[in-house]
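Structure first, commentary second.
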Amino acid sequence: MEPKIVTGEGGYALDDVPHFSDYLTNLPTYPNPLQTNPSYSVTKQYFVDFDDTVVQKAVQHKDGPRGIHFRRQGPRQKVYFKPDEVTACIVTCGGLCPGLNTVIRELVCGLDYMYGVKNILGIECGYKGFYARNTLPLTPKTVDSIHKRGGTILGTSRGGYVTSKIVDSIQDRGINQVYIIGGDGTQKGASVIYQEVRKRGLKVAVVGIPKTIDNDIPIIDKSFGFDTAVEEAQRAINAAHTEAESVENGIGLVKLMGRDSGFIAMFATLASRDVDCCLIPESPFYLEGEGGLYEFIGRRLRENGHMVIVIAEGAGEKVEERDPSGNKAFKDVGLWLSFMIKEHFAKTKLNITLKYIDPTYMIRAVPANASDNVYCTILAQSAIHGAMAGYTGCTVGPVNGRQCYIPFYRVIEKPNKVVITDRMWARLLSSTNQPSFMHPPKGAIIEGKQDEVVLSESAAEESNENEKCTPTSTSLSIHDNHVDDQYSMSNGSSELLLK
């Protein structure tokens, strides 16, 4: 997908989204039905100007360029579809997320109530539903109360799509608006679907609505379902805290979602105030030795008599296996860490009681909270306005608090991650008072002495030979001033793999 960059004075650059007019000529336009809709005609400032844009970075230097902008979402004065000519379809892909049903409901109601579109189809079970011809007719009446339920009424699946077959199905059914709800893998699929549609010269709008509770979609401020996930995670953390403080030397360990990005763990920790330690994929950690996790646990137990640890599912892992959507297939890092902590303190003769809580699927299967329900409504309506105005090959989302249309290639180029040198991570460290757990870089001066990275004898040997160590050897290898650790688990055993 080629970038569509529009430049202007003062360093202005618009990263624009595709439009029907880019590859189709002499298309008729029509007055927007909202102009005569009694619910909207009283709103004088409802329509947005064609040239309205939103800057990507809110903070600018005085003498710097104006930066990248994105096209602002909203209804336009002219549309490229007559309502009775529209056949829209909605599909949900990937894992569950709070708010999926809300987005479906608001897409259906928005198309009907705002633009008078009556022919709306739900594609069942993800992308593969296009081949199976499984469809569900959708009307405002059939979706009236689905926002009160978790999951998705359309069903979902991962991966397994053939682009040409999907577009064949779109043509056969006369579909000309496609709304695709899903995460980064789904948005990649939406991008290739758009490219095939454009290649065939079809007047079909393909618009994505980004979904992931991990909040790892780049560019946008936040993905829907994230607020609900953070709020629901509080229940698990509260339970862990209650268990920990009710016994002597109690430890509550909670594993939260976050394959590559630790946003849920970080925000849940900040919201809770009961968490003593937060471990995320972006911040490597080691277990043994001075400044390690074991030392911190022992110190916190001596100070408070209990502690709570939150760990993201991708913390400390380097995994090559992938699921059908291309996502990393992780082992259970929480189970591994609980085993390692118990084994270590058994050797130190400190009696601990550790309770491990994994609320992963409970969190993502709940209905959206009030905040996410409002957000899902805005996303759905933004997608509808864009499709009706002829925009395609894009996803919708907020940038600096303003809803925008963002080209697919921008939201799939790389995942959004916690920046551990940024202020938000610093806020977490100040809240938990935890160390960084990162080994001092080689050559650093510590208390007037030249510091050297020292591995235990067994770890050093295995680092050189690239072999597995036993579960009791927890020193981690360090290369290029960062920690690489990976473990594999089979048949209930726990091993730490050093590379």
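Quick caveat, the model's predicted, so the values are computed rather than measured.
In this structure, Leu107 and Ala383 approach most closely via the heavy-atom pair CD2-CB, 4.4 Å. Across Asp260 and Pro281, no two heavy atoms sit closer than the pair O-CB, 3.7 Å. Closest heavy-atom contact between Ala315 and Leu279: CB-O, 3.8 Å. Of all the heavy atoms in Val308 and His241, the pair that sits closest is CG2-CA, 3.6 Å. Taking every heavy atom of both residues into account, Pro367 and Thr228 meet most closely at O-CG2, 3.4 Å. Counting all heavy atoms, side chain and backbone alike, Ile123 lies closest to Leu154 at O-CB, 3.8 Å.
Within 6.0 Å of CG on Asn351 lie no more than 12 heavy atoms contributed by other residues, nucleotides or ligands. Counted within 6.0 Å of NZ on Lys355, heavy atoms from surrounding residues, nucleotides or ligands total 12 or fewer; the atom is thus considered open. Crowding of Glu413 atom CD: a count of heavy atoms from other residues, nucleotides or ligands under 6.0 Å exceeding 12.
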Mind running side chain to side chain contact (heavy atoms under 4.5 Å, CB included) on Val230 and Phe263 for me, showing each step along the way? CA-CA 9 Å; Val230 170; Phe263 287 102; over 6 Å; no
task = Would you check, one step at a time, whether the test side chain to side chain contact (heavy atoms under 4.5 Å, CB included) holds for Asn433 with Glu303?
result = CA-CA 13 Å; Asn433 198 29; Glu303 293 171 350; over 6 Å; no
Glu232 vs Met362, test: side chain to side chain contact (heavy atoms under 4.5 Å, CB included). Steps then yes/no.
CA-CA 8 Å; Glu232 195 67 18; Met362 293 176 62; 5.7 Å; no
Worksheet entry | Candidate pair Trp425 and Val419, rule side chain to side chain contact (heavy atoms under 4.5 Å, CB included), full reasoning | CA-CA 7 Å; Trp425 185 245; Val419 180; over 6 Å; no
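Tyr356 has its side chain out of reach of Leu337: every pair of non-hydrogen atoms, C-beta onward, lies at least 4.5 Å apart. Using a 4.5 Å heavy-atom cutoff, the side chains of Gln434 and Met307 are not in contact. Side-chain contact between His344 and Leu287: absent, with no pair of heavy atoms (C-beta onward) separated by less than 4.5 Å. The side-chain heavy atoms of Ser431 and Thr269, taken from C-beta on, include no pair separated by under 4.5 Å. Here the side chains of Pro210 and Val411 are not in contact, with every heavy-atom distance at 4.5 Å or above. Residues Ser39 and Tyr113 fail the side-chain proximity criterion, which asks for heavy atoms closer than 4.5 Å. The closest side-chain heavy-atom distance from Ile90 to Val108 is below 4.5 Å. Contact of the Val247 side chain with the His306 side chain is not registered, since no non-hydrogen atoms from C-beta on lie closer than 4.5 Å.
Thr392 places a side-chain N or O within donor-acceptor distance of the main-chain N or O of Val206, the cut-off being under 3.5 Å. Side chain of Asp332 to backbone of Gly334: a donor-acceptor contact under 3.5 angstrom is found. Looking only at distances, no side-chain donor or acceptor of Ser283 sits under 3.5 Å from a matching main-chain atom of Ile280. Between the side chain of Glu282 and the backbone N or O of Ile420 there is no donor-acceptor pair closer than 3.5 Å. Between the side chain of Thr432 and the backbone N or O of Leu428 there is at least one donor-acceptor pair closer than 3.5 Å. At distances below 3.5 Å, at least one donor-acceptor pair connects side-chain atoms of Thr348 with backbone N or O atoms of Phe345. At distances below 3.5 Å, at least one donor-acceptor pair connects side-chain atoms of Glu313 with backbone N or O atoms of Gly258. In this structure a side-chain-to-backbone donor-acceptor pair under 3.5 Å is present from Asn238 to Gln234. The closest donor-acceptor contact from the side chain of Asn101 to the backbone of Arg149 lies under 3.5 Å. Remark: the backbone N or O of Gly208 is paired with a side-chain donor or acceptor of Thr395 at under 3.5 angstrom.
Rounded to the nearest 0.5 Å, atoms NZ (Lys255) and CD1 (Ile309) are 15.0 Å apart. Rounded to the nearest 0.5 Å, atoms CD1 (Ile104) and NE2 (His147) are 13.0 Å apart. Annotation: the span from Asn249 atom CG to Ile297 atom CD1 amounts to 11.5 Å, rounded to 0.5 Å. Atom CZ of Arg105 is separated from atom CG of Asp144 by 5.5 Å, given to the nearest 0.5 angstrom. Distance check: Ile311 CD1 to Phe285 CZ gives 4.5 Å after rounding to the nearest 0.5 Å. Between the CD1 atom of Ile220 and the CD atom of Gln56 there is a distance of 12.0 Å, given to the nearest 0.5 Å.
Defined by atom type and a distance below 3.5 Å, a donor-acceptor pair is missing between the side-chain atoms of Asp221 and Tyr375. Using a 3.5 Å distance cut-off with no hydrogens or angles, the side chains of Ser371 and Asn369 do not pair a donor with an acceptor. Under the 3.5 Å distance criterion, with hydrogens and angles disregarded, no donor-acceptor pair is assigned to the side chains of Ser261 and Asp214. Using a 3.5 Å distance cut-off with no hydrogens or angles, the side chains of Tyr179 and Gln177 do pair a donor with an acceptor.
Note: Phe226 and Phe267 have perpendicular aromatic rings, judged against thresholds of 30 and 60 degrees for the angle between ring planes. Aromatic ring pairs are classed by plane angle as parallel below 30°, tilted from 30° to 60° and perpendicular above 60°; the pair Tyr46 and His385 is perpendicular. Taking the six-membered ring for Trp and thresholds of 30 and 60 degrees, Tyr12 and His69 have ring planes inclined between 30 and 60 degrees apart.
A side chain to side chain contact (heavy atoms under 4.5 Å, CB included) with Pro407 is found for one member of Ile412, Ile219, Asp16, Val17 and no other, namely Val17. Test Tyr405, Phe70, Phe408 against Tyr391 for ring pair (Phe, Tyr, Trp, His ring centres under 6.0 Å) and you get one pass: Tyr405.
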